[in-house]
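In what follows, chains are A, B, ... by sequence order, proteins preceding strands, each numbered from 1.
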Number of protein chains: 2
Amino acid sequence: MTLELPTDAPRHCGDCQIRHRAVCSRCNVDELMQLDQIKYYRSFEAGQTVLWSGDQMDFVGSVVTGIATLTQTMEDGRTQMVGLLLPSDFVGRPGRETAPYDVVATTDIVMCCFRKKPFEAMMADTPHIAQRLLQMTLDELDAAREWMLVLGRKTAREKIASLLSIIARRDATLRLASLEGQIVFDLPLTREAMADYLGLTLETVSRQISALKRDGIILLEGKRHVTIPDMERLMNEAGDDADGGMVS
Amino acid sequence: MTLELPTDAPRHCGDCQIRHRAVCSRCNVDELMQLDQIKYYRSFEAGQTVLWSGDQMDFVGSVVTGIATLTQTMEDGRTQMVGLLLPSDFVGRPGRETAPYDVVATTDIVMCCFRKKPFEAMMADTPHIAQRLLQMTLDELDAAREWMLVLGRKTAREKIASLLSIIARRDATLRLASLEGQIVFDLPLTREAMADYLGLTLETVSRQISALKRDGIILLEGKRHVTIPDMERLMNEAGDDADGGMVS
DNA sequence: TGGTTCTTTTGATCTGGGTCAAAGCCCGGT
DNA sequence: ACCGGGCTTTGACCCAGATCAAAAGAACCA
């Protein structure tokens, strides 16, 4: 399961093609890599579980290619996705021994891992990396809180619209084109994964996507290929009218 | 609005009576306080808004006494609580200029604040504080993710039971007694606030509390004073059977 | 090329929780 | 003691989304 990255795989830093969202700006991960022999790559197939809830978590790492999800599951099988990992996103919980949720590969993925002990020690030595990690974690916390509003208060249609605009906005690596406001991308998730993300059933997801298509908010080719002709209109459907928020 | 803390108020650190959950173990906030004239206290009345979404956020701080909530609101008035701040919890978003949500005092509160700029600069100088802050943020992230499972997948009854056990478990400062497994506390939230927490309506909250009372899961005196005769049973109702999680 | 399995769509029906409405309850003020 | 305004409870009704069921695509393999 631990293996060397094929030489033609995208490099993580420096002259890499991967967008780095957080840890790796200009480029802290490079520093990590200089330090060590503690870095290694792991790859997983689509559907494979990287980490079970409760597992020993002896590494931290970031996603190089592909998409993974964090999910929590109840004994009766109800599951809720609690995080979505795109390339450059971070996995791991410094300061906790076991994983609090499952990490599952949604597509084939490659992760760049670091053994945990050295990582944490090093964090003390290199405060700017700790700061950057803090930054990233705060971003994730903000995202989680937005998500909570979606889960707690939005209708099914608004939830779908929210998810689509999140993917369209955030996931630049998946975006294929963006001509005169049109946004085109392939959905990285099955209907079931979308349902797990949004706290819905897959049937409801399917119905609402059909409805958005019928109403011309989105265009679909096949099941996954999405075109958004008018981002404004989609965001309207999502219920978050672009409103900076004034002091009243 | 900025004022000196009355001299008989609980001290923040050292010989203080306040439980410190994160930043302040042995006791980093003391170091902050040594540095400066940048510390000051603010107090707010119950119901008062500390910070509006979109406001300039020129300070960070922790709650000394009382309870505050973080809430997000949609234009049509739907609101979702996204965080609950108990004494020692942290407010503020290093690295972001404006607040992403409202901070509202639920009870009268006193906050210990630090002007933001010096705080951030100092964080670079004192990496162990940055680490601790990271720790705390990661804890909050975990809590947010648990909360997402509650919001997305639990029934109204399970949601209420979850909230009650969270309060019972987490909030030691509110706990009045814990005799032979019995837990007694006063609810720090109105029915409406509970509804905002759980993504329900206040009517449903009321109904479910009545139902739990009828079924003997909880005892109520007045509207706020709760006794939990059997914590096991409550956690059962919450749907999270204490299950460490084994590798399968 | 046909079978097998997984994903997605669509339909029919049911139900948990929302909505609307009306009382109680409690506390504080006069 | 009375009144007024927040909370809270309870009831009646309704609907968005869950559940159950079936069939249509798509992908994969033999």
Side-chain angles (χ1 to χ4, degrees), chain A residues 45-48 74 76-80 104 106-108 150-164 186-215 218-226 237 239, chain B residues 45-48 74 76-80 104 106-108 150-164 186-215 218-226 237 239:
Chain A
E45 295 173 10
Q48 197 179 343
M74 298 171 67
D76 61 7
R78 283 177 280 176
T79 73
Q80 174 65 52
V104 182
T106 292
T107 62
D108 291 353
V150 172
L151 286 172
R153 292 302 182 193
K154 291 195 177 179
T155 64
R157 170 181 264 243
E158 289 171 331
K159 285 179 174 180
I160 298 291
S162 296
L163 177 55
L164 290 175
D186 283 316
L187 275 175
L189 302 171
T190 65
R191 299 293 124 107
E192 188 182 22
M194 293 173 73
D196 284 345
Y197 189 103
L198 297 170
L200 297 170
T201 60
L202 80 178
E203 294 96 325
T204 299
V205 170
S206 178
R207 271 185 252 276
Q208 295 301 333
I209 289 183
S210 298
L212 288 175
K213 179 180 162 191
R214 180 169 4 87
D215 299 345
I218 61 172
L219 309 177
L220 267 190
E221 285 171 76
K223 282 130 200 329
R224 296 296 192 86
H225 192 76
V226 179
E237 291 292 337
Chain B
E45 296 174 9
Q48 197 178 345
M74 298 171 67
D76 62 7
R78 282 179 280 176
T79 74
Q80 174 65 52
V104 182
T106 292
T107 63
D108 290 353
V150 172
L151 286 172
R153 292 301 181 194
K154 291 197 176 176
T155 65
R157 170 181 262 243
E158 288 170 333
K159 284 179 174 181
I160 298 291
S162 297
L163 176 55
L164 290 175
D186 284 316
L187 275 176
L189 302 172
T190 64
R191 300 291 124 110
E192 189 182 23
M194 295 174 72
D196 284 345
Y197 190 103
L198 298 169
L200 298 170
T201 59
L202 81 180
E203 294 96 324
T204 299
V205 170
S206 178
R207 271 185 252 274
Q208 295 301 333
I209 288 182
S210 299
L212 288 175
K213 179 180 163 190
R214 179 170 5 88
D215 299 346
I218 62 172
L219 308 177
L220 267 190
E221 286 170 73
K223 282 134 199 326
R224 297 294 194 87
H225 192 76
V226 179
E237 292 291 338

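Here D:dC15 presents its P atom at 17 Å from CD of A:Q208, a figure rounded to the nearest Å. Atom CG of A:L151 is separated from atom C1' of D:dG17 by 15 Å (rounded to the nearest Å). The separation between A:L198 atom CG and D:dA16 atom C1' is 15 Å, rounded to whole Å. Put simply, CD1 on A:I209 is 14 Å from C1' on C:dT10, counting in whole angstrom units. Following rounding to the nearest Å, A:E158 (CD) and D:dG17 (C1') show an atom-to-atom distance of 14 Å. For the pair B:H225 NE2 and D:dT8 C1', the computed distance is 18 Å after rounding to whole Å. Protein atom CG of B:L202 is 15 Å distant from nucleotide atom C1' of C:dG24, rounded to whole Å. Distance NZ (B:K159) to P (C:dG16): 14 Å, rounded to an integer number of Å.
A donor-acceptor pair under 3.5 Å is absent between the side-chain atoms of B:R207 and the main chain of B:L202, judged by distance alone. A:R153 places a side-chain N or O within donor-acceptor distance of the main-chain N or O of B:T79, the cut-off being under 3.5 Å.
Summary of the strand contacts: A:R153 and A:E203 both lie near DNA chain C, and taking for each the nucleotide with the nearest heavy atom, the more 5' one is attributed to A:E203. Projected onto DNA chain C by closest heavy-atom contact, B:K154 and A:R191 fall at different nucleotides, the more 5' of which corresponds to A:R191.
In this model, the phosphate group of C:dT9 is approached by a side-chain N or O of A:S206 to a distance below 4.0 Å at OP1 or OP2. Between A:T204 and D:dA18 there is a side-chain N or O to OP1 or OP2 distance below 4.0 Å. OP1 or OP2 of D:dT8 sits under 4.0 Å from a side-chain N or O of B:R224.
The shortest non-hydrogen separation linking A:T190 to A:A193 is OG1-N, 3.0 Å.
Within the 4.5 Å cutoff, the side chain of B:L212 has heavy atoms near those of the B:L164 side chain. Counting heavy atoms from C-beta outward, A:T155 and B:R78 have side chains that approach closer than 4.5 Å.
B:T190 comes within 4.0 angstrom of the backbone, heavy atoms only, and of no base. If you check every strand for non-hydrogen atoms under 4.0 Å, A:L200 touches sugar and phosphate atoms only. Note on B:G199: only backbone sugar-phosphate atoms sit closer than 4.0 angstrom, heavy atoms only; bases stay farther off. Contact annotation for A:R157: no contact, since no heavy-atom pair falls under 4.0 Å across all strands.
Side chain of B:T155, nearest nucleotide from C:dG18, C:dG11, C:dG17: C:dG17. Comparing atom distances between the B:L220 side chain and each of C:dT10, D:dT10, D:dT9 picks out D:dT9 as nearest. The nucleotide whose nearest atom lies closest to any side-chain atom of B:K223 is, among C:dT8, C:dG17, C:dC25, C:dC25. Checking C:dG17, D:dT8, C:dT9 against every side-chain atom of B:A156, the shortest atom distance belongs to C:dG17.
Here A:T201 contributes atom OG1 and A:E192 contributes atom CD; the two are 10.5 Å apart, rounded to the nearest 0.5 Å.
For a distance-only test at 3.5 Å, the side chain of B:R207 fails to qualify as a donor-acceptor partner of the base of C:dG16.
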